[in-house]
Structures are given as structure tokens and as C-alpha cells.
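Okay, structure first, notes after.
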Number of protein chains: 2
Amino acid sequence: MPESDTLLNIDNIAANCIGLRVRMLNRLVTNLYDEGLRPFGLKVSQVNILVATWKLGTARPAEMCKVLQMDVSTLSRNVDRMKARGWLETMPDPDGRAQPFKLTAQGRDVLEKILPVWREIQDKAITLLGAETLDWLNRSVRQLSSQAK
Amino acid sequence: MPESDTLLNIDNIAANCIGLRVRMLNRLVTNLYDEGLRPFGLKVSQVNILVATWKLGTARPAEMCKVLQMDVSTLSRNVDRMKARGWLETMPDPDGRAQPFKLTAQGRDVLEKILPVWREIQDKAITLLGAETLDWLNRSVRQLSSQAK
DNA sequence: ATCATATGCTTGCATATACAAATTCAGCGA
DNA sequence: TCGCTGAATTTGTATATGCAAGCATATGAT
């Protein structure tokens, strides 16, 4: 491959790499949420887990990881921290390997407390990104999730 | 606020949170690129830095962090690792505080070697996400970058 | 009943991420 | 020139992320 072709191709990465852009978007959006949530002592990552737990009722780690497309080890350590804060509690289970957990009353309280701030941040994100963002993100995530292992 | 309203609002986070969806998209897309790049012993994060360095020629950390919307401390440690691998080298600078760096020949070689694989992964991502993805991502990132501090 | 395999989760390790504090140096004013 | 302020970067700390390996338990085959 001639030198000039290589140059063009490297420039192609710079101009078009989806991995780069998704990661930048992630940093920007995560910072937006984390900044707003800072007074409450938690980050968007933990809010996501609280909400997912609320949805599932009694949550099995492997199941939640499938929903959130997250490695089980990542979830495992976050659940530890959130149990230590009294937001989650482990439930008994006939299967000795399972470690299902659910929201505590405190965990539920946290969710209620952050609701107005979440709304503010969400509105800001929609204003910045455009109204069609949500549809767009949902389609992309659904499509990629269905392909992922 | 009545109980039922709270329930609806928590469900609203579950159904609509942009922070959640962007983070899921980031995990899915990052894993897609990292999996493809694994044979080459680097990840998409380092590819992004290599390409940005190639673009900038001589890169100042603060400048690159503005471009990539990344904290300077995050870049600092990655540049350390990449210098240790011989892909980047620090340049002298009249300003004693500055630590500008540039690509080494080895760093340039790495970029050339991964080009075909990057192309494959990028094609797969475009197929999965749709052709209009890139425009949308570019618009979103540009819009958010211009607002960020 | 036993053994092999599969499942569910945790732990070890390396990197990614960002805030806060420390460090080093530049530039400016008295 | 002395010291003050600000800028560029690194270091300390905590969380996020995923792979590989470990551990305990369940399940299936013989």
C-alpha cells in the first residue's frame, strides 16, 4: 500500500471511528449526570442499578448483567458497595450458588430523593442532544444487545 | 407526591434515562472494538490516542484532552503506558511545565498494522447501527463538546 | 452413588475514568 | 528580585470495566 493511502486511512479513523465517538459521548453524558448527582453522593452508574433492581424486584446478578450488558464482575463489586451503604440486601435462595438481591427501604428512599434532579439532568441532555435522541439510542442499544453474546 | 406518581417516575428513569443508554452503548461498542483489537495487544482507547497524536503531530496533553473530552489525569497515565511500550516519546519544550509528545516510528507501525482490522470492526458497527449513526454521533458529540467546560 | 460438566458468583489483575491535591514552572506586579 | 497567581502536569484515591481464574453448588450421565 502506497504511503498516501496509509495516510488517508489513518485520517479515516480520526474522522469516522464510531468507537471514538461513542466513548466521547459516554464521557460527556456520564459527567453531565454525575455532576448533577454529586450532592447525593452517588453516580449515574449506581442509579442505573437501583432502578434496574426496582424493576426486577428480586434481581439475580446474571440476569441484571444481561439487561444492562455489563460484566458480572463489574456488577458484583458495585452491589458490594451498595449493600455496605444499606441500599441493597441479599435474599436467601434455594440454589446455593445464587446471590439474588433487592432494594432496601433506604435504597428506595434514595431513588425518590434523586427523582427531581434526574428529571433536570435528563431535560438538559434532551435539549443538548435533540428530541429524537432517545429513539435513536434505544434502537442502537437494542440492535447491538441482540447481537452480543 | 402520591405513591403512584413516584412509581411512575421511577419507571420513567428505567424507560428513558439517556445516561443509562449511552453507558450501555459505550460498553457494547467498546467491547466490539476491544475484541477485534485483542490480537494486537491494545484497545480502542489507545488507538484513539495514537490517532489523535498522529493528527496533532506534536501533542500537548491539555490540548488533546480538550479534543477527546477526557480528563488530563486519565490521559497522563495512558501516555505513560504507551511511552513504556515505545509508541510515544516526550519532546523537549521551552516551557518547563509542558510535556508534549509525539508518535514514534513504532507507534506509527502499530497504526498501520491495525488499519485492516479497524476497517472490519467499523463496517460491522455501521452494519449493526445503521448508516445514519455516524452523522448522529458526530452531531451529538460536537454539540455536547461545545457546551462542556 | 459418583463423577464429569455446567452454572452462578467472586477474586485477581490491568486498564479507564475523574476529582482533588500536590508539584513544578511561567508570568506578572510591587 | 520577591512573591503571588495561574497554568501544565502528575499523583492519590475511589469507582468502572472486563478477562481469566477460582470456588462452590447444581445437574446430568452412567
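In what follows, chains carry the letters A, B, and so on, assigned in the order in which the sequence lines appear, proteins first and then strands, with residues in each chain numbered from 1.
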Co-membership, hydrophobic cluster, residues W118(B) and L7(A), 4.5 Å side-chain: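 In one cluster: yes.
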
Heavy-atom check, side chain of I126(B) versus side chain of T133(B), under 4.5 Å: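 Contact flag for I126(B)/T133(B) side chains = no.
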
Looking only at side-chain N and O atoms, does [X] come under 4.0 Å of OP1 or OP2 in [N]?
X: R23(A); N: dT17(C); value: yes
X: N31(A); N: dA18(C); value: yes
X: R60(A); N: dT7(C); value: no

Can you measure [X] atom [atom1] to [N] atom [atom2] for me and round it to whole angstrom units?
X: F101(B); N: dT9(D); atom1: CZ; atom2: C1'; value: 12 Å
X: E35(B); N: dG18(D); atom1: CD; atom2: C1'; value: 12 Å
X: L28(B); N: dG18(D); atom1: CG; atom2: C1'; value: 13 Å
X: L20(A); N: dT17(C); atom1: CG; atom2: C1'; value: 16 Å
X: D93(A); N: dA24(D); atom1: CG; atom2: C1'; value: 14 Å
X: R27(B); N: dT17(C); atom1: CZ; atom2: P; value: 14 Å
X: L32(B); N: dG18(D); atom1: CG; atom2: P; value: 13 Å
X: Q99(A); N: dT7(C); atom1: CD; atom2: C1'; value: 14 Å

Expected rows: protein N/O vs nucleotides 21-28 of chain C N/O, under 3.5 Å:
| residue | atom | partner | partner atom | Å |
| --- | --- | --- | --- | --- |
| dA26(C) | OP1 | G96(B) | N | 3.1 |

Test applied, side-chain contact (heavy atoms from CB on, under 4.5 Å); reference residue, L20(B); option that passes from V51(A), V44(A), L68(A):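 Checked V51(A), V44(A), L68(A) against L20(B); only one passes side-chain contact (heavy atoms from CB on, under 4.5 Å): L68(A).
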
Option passing side-chain contact (heavy atoms from CB on, under 4.5 Å) with V79(A) (candidates M82(A), K83(A), R81(A)):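 When M82(A), K83(A), R81(A) are each tested with V79(A), the side-chain contact (heavy atoms from CB on, under 4.5 Å) holds only for K83(A).
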
Members of residues 65-86 of chain A that approach DNA chain C, where some heavy atom sits under 4.0 Å away: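 Contacts with DNA chain C under 4.0 Å: V72(A), S73(A), S76(A), R77(A).
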
N/O donor-acceptor pair under 3.5 Å between Q147(B) side chain and L128(A) backbone: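 No: the side chain of Q147(B) does not pair with the backbone of L128(A).
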
Any donor-acceptor N/O pair, T104(A) side chain to G86(A) backbone, under 3.5 Å: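 Confirmed, T104(A) side chain pairs with G86(A) backbone.
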
Electrostatic pair E112(B)-R108(B), nearest N-O below 4.0 angstrom: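 Salt bridge: yes.
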
Electrostatic pair R119(A):D123(A) at N-O distance under 4.0 angstrom: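 Salt bridge: yes.
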
Touch class at under 4.0 angstrom, heavy-atom based, for D34(B) against every strand present: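 No contact.
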
Worked check of side-chain hydrogen bond (donor to acceptor under 3.5 Å, both in side chains) between T30(B) and N26(B): CA-CA 6 Å; T30(B) 295; N26(B) 177 59; 3.2 Å; yes

Upstream residue (5' side of DNA chain D) when A62(B) and K43(A) are each assigned their closest nucleotide: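 Of the two residues, A62(B) wins.
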
